[in-house]
Amino acid sequence: MADRTSPAPAAALVTSRPLDEYCGLFGLTRAALAALRGPLLDCPGGAAALAAEARPLGCRVIATDPVYARPPEEIAARALAARAAMAAAMDARPELYPSCRHRPPERYLRSWDRARRLFAADRVAHPGQYVAAALPRLPFADGTFALTLSGYLVFAYPALFGPERQLAALTELVRVTAPAGEVRVHPLFDGTGRRADHLDPVRHLLGERRIASEIRILPPATEGGRPRRMLVLRRADHRERCPRSTPAPPTAGRRPRR
């Protein structure tokens with residue numbers, strides 16, 4: 001599976017999503033977070049408020065992101081740049097953001113402003129819960145986390161993650177997740193709304209590594225919106241290695257059928 005990525009890809013945006021947005025993206029509730037029997041991994045964490053807002057629920061979140069190795073003022077600047085980029089994207093392509101039909105983009109982005117402030121304060125108060133690391137290698141032992149969330153990275157940036165790196169990143173996320181836990185990945189498209197080209201062959205190769213995968217359909221976030229699709233991964237026994245719904249990867253010299 002050739003990895004035809006750009007030699008100098010753009011960096012991922014450092015977003016500032018609040019807890020409620022995480023719940024919507026990953027099919028979670030506050031009650032489910034409170035009931036987790038173990039820590040949760042947020043990879044990448046960016047400048048999000050998940051760790052700060054989940055702590056009062058009794059849920060311990062470890063956020064990991066390569067940007068945490070940078071000075072706080074640089075993280076803040078990149079988070080503000082991401083806010084500006086999101087505002088521009090919502091203005092240019094409102095059809096990709098159903099929330100625009102129900103509330104002004106600026107109102108939505110104010111939730112990011114609050115999350116960014118919570119993140120900055122929480123990182124100072126709890127620095128051990130923010131780990132500088134980048135996929136596809138994470139500094140955690142096997143099976144550390146009860147649940148792992150990965151938002152807006154693996155399939156959202158084709159220039160950063162070609163198919164080989166997608167496979168390595170997803171395998172690593174499963175490695176650090178407990179056997180009874182799940183890895184949830186969203187979205188399955190890039191910044192233009194285009195579906196990930198290599199999702200099907202990557203799922204097949206995950207099956208060969210004894211990792212079961214499914215596409216879970218979540219209800220629309222807003223009235224009139226489209227159902228959302230999330231990739232869910234878990235360790236599988238030998239009977240689940242290759243789910244029947246997963247197509248085989250294309251053979252050399254033949255393009256996959258769309």
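For the side chain to side chain donor-acceptor pair (under 3.5 Å) test, residues two or more places apart in sequence or in another chain that qualify with T177 are T148. For A49, the side-chain contact (heavy atoms from CB on, under 4.5 Å) partners are E53, A115, L118, not counting sequence neighbours. Residues that satisfy the side chain to side chain donor-acceptor pair (under 3.5 Å) test with R60, not counting sequence neighbours, are absent from this structure. Shown here are the salt bridge (charged side-chain N to carboxylate O under 4.0 Å, His left out) partners of R83, two or more places apart in sequence or in another chain: E106, D113. Residues satisfying the side-chain contact (heavy atoms from CB on, under 4.5 Å) criterion with P71, sequence neighbours excluded, are E73, E74. Listed by chain and residue number, E182 satisfy the salt bridge (charged side-chain N to carboxylate O under 4.0 Å, His left out) test with R184 (two or more places apart in sequence, or in another chain). Applying the salt bridge (charged side-chain N to carboxylate O under 4.0 Å, His left out) criterion to R110, with sequence neighbours excluded, gives no partner residue. When the salt bridge (charged side-chain N to carboxylate O under 4.0 Å, His left out) test is applied to R55, the partners found at least two apart in sequence or on another chain are D122. Applying the side-chain contact (heavy atoms from CB on, under 4.5 Å) criterion to A76, with sequence neighbours excluded, gives no partner residue.
The aromatic rings of Y68 and F119 lie parallel to each other, with less than 30° between the two planes, well short of the 60° mark.
Cluster partners of L80, using a side-chain heavy-atom cutoff of under 4.5 Å among ILVMFWY residues and allowing indirect links: none.
Connection of I62 to L153 is established within a shared hydrophobic cluster, with ILVMFWY side chains joined at heavy-atom distances below 4.5 Å, either directly or through further cluster members. Hydrophobic clustering (side-chain heavy atoms under 4.5 Å, transitive across Ile, Leu, Val, Met, Phe, Trp, Tyr) keeps L199 apart from V232. Taken together through direct or relayed side-chain contacts under 4.5 Å among Ile, Leu, Val, Met, Phe, Trp and Tyr, M230 and L50 form part of one hydrophobic cluster. The hydrophobic cluster containing L57 also contains L28, counting ILVMFWY residues as joined when their side-chain heavy atoms lie under 4.5 angstrom apart, directly or transitively. L218 and F189 fall into different hydrophobic clusters, where Ile, Leu, Val, Met, Phe, Trp and Tyr are joined by side-chain heavy atoms under 4.5 Å apart, directly or via other members.
In this structure, R165 is positioned above the aromatic face of F161, its NZ or CZ under 6.0 Å from the six-membered ring centre and within 45° of the axis. Under a cutoff of 6.0 Å and an axis angle of 45°, R17 and Y152 form a cation-pi pair.
When all heavy atoms are compared, the tightest approach of P56 to A52 is CD-O, 3.2 Å. Residues A11 and R78 approach most closely at CB-NH2, 3.6 Å, considering heavy atoms. The heavy-atom pair separating L231 from F155 by the smallest distance is CD2-CE1, 3.9 Å. The minimum heavy-atom distance between A133 and T64, with the atom names listed, is CB-OG1, 3.3 Å. Pairing each heavy atom of A156 with each of P158, the nearest pair is O-CD, 3.4 Å. When all heavy atoms of V61 and Q129 are compared, the pair lying nearest together is O-NE2, 2.7 Å.
Summarising the geometry, atom CZ belonging to R203 is positioned 13.5 Å from atom CD belonging to E208; distances are rounded to the nearest 0.5 Å. A distance of 9.0 Å separates CZ of R234 from OG of S213, quoted to the nearest 0.5 Å. Interatomic distance, L205 CG to L170 CG, rounded to the nearest 0.5 Å: 11.0 Å. Rounding to the nearest 0.5 Å gives a distance of 6.5 Å between CG of L33 and OG1 of T29. Interatomic distance, CG of L206 versus CD of Q166, reported as 10.0 Å (0.5 Å rounding). The structure places CG of L135 at 6.0 Å from OG of S150, a figure rounded to the nearest 0.5 Å.
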>> Would R216 and R229 count as a side chain to side chain contact (heavy atoms under 4.5 Å, CB included) here? Give the steps.
In response: CA-CA 6 Å; R216 190 170 296 172; R229 300 165 73 248; over 6 Å; no
> How far apart are the C-alpha atoms of R235 and I211, what are their side-chain angles, what is the distance that settles it, and do they pass the side chain to side chain contact (heavy atoms under 4.5 Å, CB included) test?
Replying inline: CA-CA 5 Å; R235 300 185 193 184; I211 296 172; 5.8 Å; no
>> Is there a side chain to side chain contact (heavy atoms under 4.5 Å, CB included) between L149 and L40? Walk through the geometry before answering.
In response: CA-CA 8 Å; L149 307 178; L40 181 155; 4.1 Å; yes
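The shortest side-chain heavy-atom distance between P105 and D91 does not fall under the 4.5 Å cut-off. Looking only at side-chain heavy atoms (C-beta outward), M90 and Y108 come within less than 4.5 Å of each other. The side-chain heavy atoms of R209 and V174, taken from C-beta on, include no pair separated by under 4.5 Å. V183 has its side chain out of reach of V176: every pair of non-hydrogen atoms, C-beta onward, lies at least 4.5 Å apart. Looking at heavy atoms from C-beta onward, E21 lies in side-chain contact with W112 at the 4.5 angstrom threshold.
R195 and D200 are joined by a salt bridge, as a carboxylate oxygen and a charged side-chain nitrogen come within less than 4.0 angstrom of each other.
For CZ of R114, the number of neighbouring non-hydrogen atoms (other residues, nucleotides, ligands) closer than 6.0 Å is 12 at most.
Panel note: side chain R228, backbone I217; no donor-acceptor pair is recorded below 3.5 Å. For the pair D65 (side chain) and P44 (backbone), a donor-acceptor distance under 3.5 Å is absent.
Sorted by first and then second residue, the side chain to side chain donor-acceptor pair (under 3.5 Å) pairs with a member in residues 32-44 read Y22-D42; sequence neighbours excluded.
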Acceptor/donor pairs from residues 136-147 side chains to any protein atom, 3.5 angstrom cut, sequence neighbours excluded:
residue: D142; atom: OD1; partner: R175; partner atom: NH1; Å: 2.6
residue: T144; atom: OG1; partner: A141; partner atom: N; Å: 3.4
residue: T144; atom: OG1; partner: A141; partner atom: O; Å: 2.6

